[in-house]
Amino acid sequence: MTPAELSAFLLAAVGRVIARLEAQAEPLAELTVVDLALDRPKNRDHGDWASNIALKLAKKLGTNPRELAAVFAEEFSLIEGVASVDVAGPGFINLTLDAAAAGALAKTIVELGAEYGRGDLYAGVTINLEFVSANPTGPIHIGGVRWAAVGDSLARIFTAEGGIVTREYYFNDHGAQIDKFARSLLASFHGEPAPEDGYGGQYISDIADRVVDEHAGDLALLNRDDAQELFRARGVDLMFTDIKASLHDFGVDFDVYFHENSLHESNAVAHAIARLRELGHMYEAEGATWLRTTDFGDDRDRVVIKSDGEAAYIAADLAYYLNKRERGFERNLIMLGADHHGYVARLMAMVSAFGDTPRYHLEILIGQMVNLLRDGQPMRMSKRAGTVVTMEDLVDAVGVDAARYALVRSSSDSQLDVDLDQLGKRTNDNPVFYVQYAHARTRSVAINAAASGVDRSVFDASLLTHDSESVLLGVLAELPRVVRQAAELREPHRIARYCEELAGAYHRWYDNCRVTPLGDEEVSDLHRTRLWLNDATGTVLRNGLGLLGVSAPDRM
RNA sequence: GCGCCCGUAGCUCAGCGGAUAGAGCAAUUGACUACGGAUCAAUAGGCCGGGGGUUCAAAUCCCUCCGGGCGCACCA
């Protein structure tokens, strides 16, 4: 029995009880699965599942929690597959399933395979996920890498919930940052130090050299301005190619690389401004053109066209947002570093100005900073000096799986400390190996089972009676709920934590319950049924790791 | 000054208003002539930053103070 099936039965039972009680009390609103608050108790003595619905409803029904719980419990005990029901503490209802009902899940999971864990939370909804979006003025820094891991995982999770997801990279190939980049390349070409506010380091001279290799003849003929222009165009292009390749090596491939420049070159910016003007939210003052964001909760109005006639940065954002909406995206998410959180209010105001709904049509996820440590000491980074730790450095140090897992396993709301030395030398410091090992073990057990003549020709769930088996089944049952919650809260780290819990439950089961017969013991239905459970665990670990973009190896 | 995030075991971090607050690492002690010891079992380690409040029930929600990070442009 899956949790969804159990919930449906319980909800129906609750409905019957309430129908009887409502004769003497106020009618209640329609109840849902959420009201049931079905939970897997931490303490095994409290059964397989627990509900606190009696505590929640007692007051509304004009009765006390324990009495109400007793009534529910009686009704619950009639459900097929429920072995026992107890009322505990202030009014918790603890349920224990019989082994056959609980164990049936193992077969269900094996049969569903990659489908198990998927849901329909965002069925058919078009979702645009914009992340990384690092300027093409240098390699992706560590904060961007966090978003690469988290954003890609979130994309996988939304997809698992039925969403039609586009991964999008906003490429800031316009404006002053790019000019600095071009001047930095030119400075390197002339053997000059990096400009005061520019970029330095090995990658600048590398890029400059590559441009020189391609265009040595041309450069000799160009004046300084034209040479800078050539460095700008080619340098951005080369940087862009490098960034794409790094992301690909990291397992992240974007569907759309959107160039900011295209918004300026087309009439997209003018189009967006015209629309906002029609809606009456633009005004002229002090020689500039403003968007009245204070009408929508921002603390000051924002300049869209500067008094020198140039578009301010937000102009492109207006155009970009409108463009996404016109491309048909219902939900748009942008992932930004904490150093950009001051931008949220004005973007939300913009959404309102367009007549859309903030936090629905546009959501901004803020990720806190990542501190890189080496031997416990923070690593100081400077773009000008070129001392940045890149995605490649991180991957070289620990590998793609370990890097992605370390970045995705914590809430994005928390600042994260990543110690390169620690991650690099002691592999056990990263729980990804614990999870991957559990998966490899399921494969190894399956191979041994086959060699011993154990197959899946028989499945008798009533034989799965060991305590470690009911714990394992309980954890397996939770994947769909964890995926849904990770999607709703935009928190991929819940998947990682779940995988760790599952791996632990599996290792403990492995220690207690053999799949292959020992010595000259006969192959029994218990062995065969346990093979189903083993394979079901392998499936769930693979599905879970897949949502994180981490491999599930057969051997390690 | 205003805004956002954080403060939980020695360290890095989980914890959907519920029962005895958890995991990994680090420490101590056990378990392989049994499906992989990258594992398991056990011990130790906590005024959940402080103080109020809401609730049958608060690490979780609200207020306040303290501490840390990051922001508050006609920069991008």
Side-chain angles (χ1 to χ4, degrees), chain A residues 34 37 39 41-43 45-46 50 52 55-56 58-59 64-65 88-92 94 135 137 172 174-180 197 260 285-290 299-300 302-308 310-314 316 337-345 366-369 371 373 376 406 409-419 422-423 426-431 433-434 436-438 440-441 443-449 451-452 454 481-482 485 488-489 491 493-494 496-497 500-501 503-504 506-508 510-519 527 530 534 555-556:
Chain A
V34 176
D39 198 8
K42 282 175 256 178
N43 188 334
D45 297 337
H46 297 148
N52 57 26
L55 287 160
K56 296 228 195 286
K59 190 173 279 180
N64 80 62
F92 294 107
N94 296 330
N135 288 340
T137 54
N172 298 111
H174 182 92
Q177 301 290 339
I178 296 294
D179 293 340
K180 287 181 199 171
D197 55 351
E260 181 189 356
E286 300 162 41
T289 303
W290 299 68
D299 41 16
R300 53 176 304 161
R302 302 294 168 177
V303 169
V304 177
I305 304 292
K306 297 187 271 186
S307 50
D308 65 5
E310 289 291 310
Y313 188 74
I314 195 173
D339 52 344
H340 289 93
H341 75 258
Y343 217 61
V344 174
I366 296 296
Q368 298 301 313
M369 299 303 189
N371 302 310
L373 308 178
R409 129 174 237 270
S410 300
S411 162
S412 301
D413 284 343
S414 303
Q415 289 179 40
L416 195 58
D417 287 346
V418 173
D419 191 315
Q422 220 172 3
L423 266 186
R426 279 194 305 280
T427 56
N428 271 5
D429 276 358
N430 192 329
F433 299 109
Y434 181 78
Q436 287 184 317
Y437 181 65
R441 196 171 234 186
R443 304 310 307 142
S444 163
V445 166
I447 288 166
N448 289 327
S452 308
V454 178
R481 193 159 53 151
V482 171
Q485 197 174 36
E488 280 176 328
L489 300 173
E491 290 184 346
H493 75 271
R494 289 172 185 279
R497 300 293 172 155
E500 290 169 32
E501 189 188 356
Y506 175 75
H507 285 310
R508 285 185 281 278
Y510 171 91
D511 227 48
N512 284 290
C513 300
R514 291 190 56 91
V515 173
T516 57
L518 198 54
H527 297 123
R530 280 179 173 164
N534 178 76
R555 274 186 303 278
M556 295 179 66

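In what follows, chains are A, B, ... by sequence order, proteins preceding strands, each numbered from 1. Below, each value reflects all heavy atoms present in this structure, side chains not excepted, and no hydrogens, waters or symmetry copies. Keep in mind the model is a prediction, meaning the values are calculated, not measured.
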Inset, instruction - Can you check whether any acceptor in the base of B:A38 is under 3.5 Å from a donor in the side chain of A:Asn430, or vice versa? - result: no

Inset, instruction - Answer with yes or no whether A:Asp417 presents, from its side chain, a donor or acceptor under 3.5 Å of a partner atom in the base of B:U12. - result: no

Considering only side-chain heavy atoms of [X], which listed nucleotide, [options], is closest?
X: A:Arg497; options: B:C13, B:A41, B:A76; result: B:C13
X: A:Asp511; options: B:A76, B:A38, B:C40; result: B:C40
X: A:Asp39; options: B:C16, B:G36, B:A34; result: B:C16
X: A:Ala176; options: B:G36, B:C13, B:A76; result: B:A76

Legend entry - RNA chain B stem ranges, 3 or more consecutive Watson-Crick or G-U pairs under 3.5 angstrom: B:1-7 with B:66-72, B:10-13 with B:22-25, B:27-31 with B:39-43, B:49-53 with B:61-65

Legend entry - Gap separating the CG atom of A:Asn172 from the OH atom of A:Tyr313, nearest 0.5 angstrom: 3.5 Å

Rounded to whole Å, please give me the gap between [atom1] in [X] and [atom2] in [N].
X: A:His507; N: B:A31; atom1: NE2; atom2: C1'; value: 16 Å
X: A:Lys42; N: B:U60; atom1: NZ; atom2: P; value: 14 Å
X: A:Lys56; N: B:U55; atom1: NZ; atom2: C1'; value: 11 Å
X: A:Asn371; N: B:C13; atom1: CG; atom2: C1'; value: 14 Å
X: A:Leu489; N: B:A14; atom1: CG; atom2: P; value: 14 Å
X: A:Glu500; N: B:C13; atom1: CD; atom2: P; value: 14 Å

Inset, instruction - Return the stacking result for B:A19 and A:His46: yes when the ring centres lie under 5.5 Å apart and the planes under 30°, no otherwise. - result: yes

Inset, instruction - Measure from the ring centre of A:Phe92 to the centre of the six-membered ring in the base of B:A19, then say whether that distance is under 5.5 Å and the planes meet at under 30°. - result: yes

Inset, instruction - Taking A:Arg555 for its side chain and A:Ala440 for its backbone only, find out whether a donor-acceptor pair lies under 3.5 Å. - result: no

Inset, instruction - Is it possible for you to check whether A:Arg441 lies under 6.0 Å from the centre of the six-membered ring of A:Tyr506, through NZ or CZ, and within 45° of that ring's axis? - result: no

Legend entry - Given RNA chain B, 5'-ward residue of the pair A:His174 and A:Val515, judged by closest heavy atom: A:Val515

Inset, instruction - Using the closest heavy atom to pick a nucleotide of RNA chain B for each, name whichever of A:His493 or A:Ala438 lands nearer the 5' end. - result: A:His493

Inset, instruction - Taking side-chain contact (heavy atoms from CB on, under 4.5 Å) as the test, write out the residues that go with A:Asn371, two or more places apart. - result: A:Gln415, A:Asp417

Legend entry - Candidate pair A:Asp339 and A:Met369, rule side-chain contact (heavy atoms from CB on, under 4.5 Å), full reasoning: CA-CA 8 Å; A:Asp339 52 344; A:Met369 299 303 189; 3.4 Å; yes

Inset, instruction - For nucleotides 67-74 of chain B, just jot down a letter per nucleotide in 5' to 3' order: B, S or -, based on protein non-hydrogen atoms under 4.0 Å. - result: -BBBS-SB

Inset, instruction - May I ask you to decide whether A:Arg514 forms a salt bridge with A:Asp511, counting only side-chain N to carboxylate O separations under 4.0 Å? - result: no

Inset, instruction - Please work out if A:Asn52 contacts a base, only the sugar-phosphate, or nothing of the nucleic acid, heavy-atom cut-off 4.0 Å. - result: base

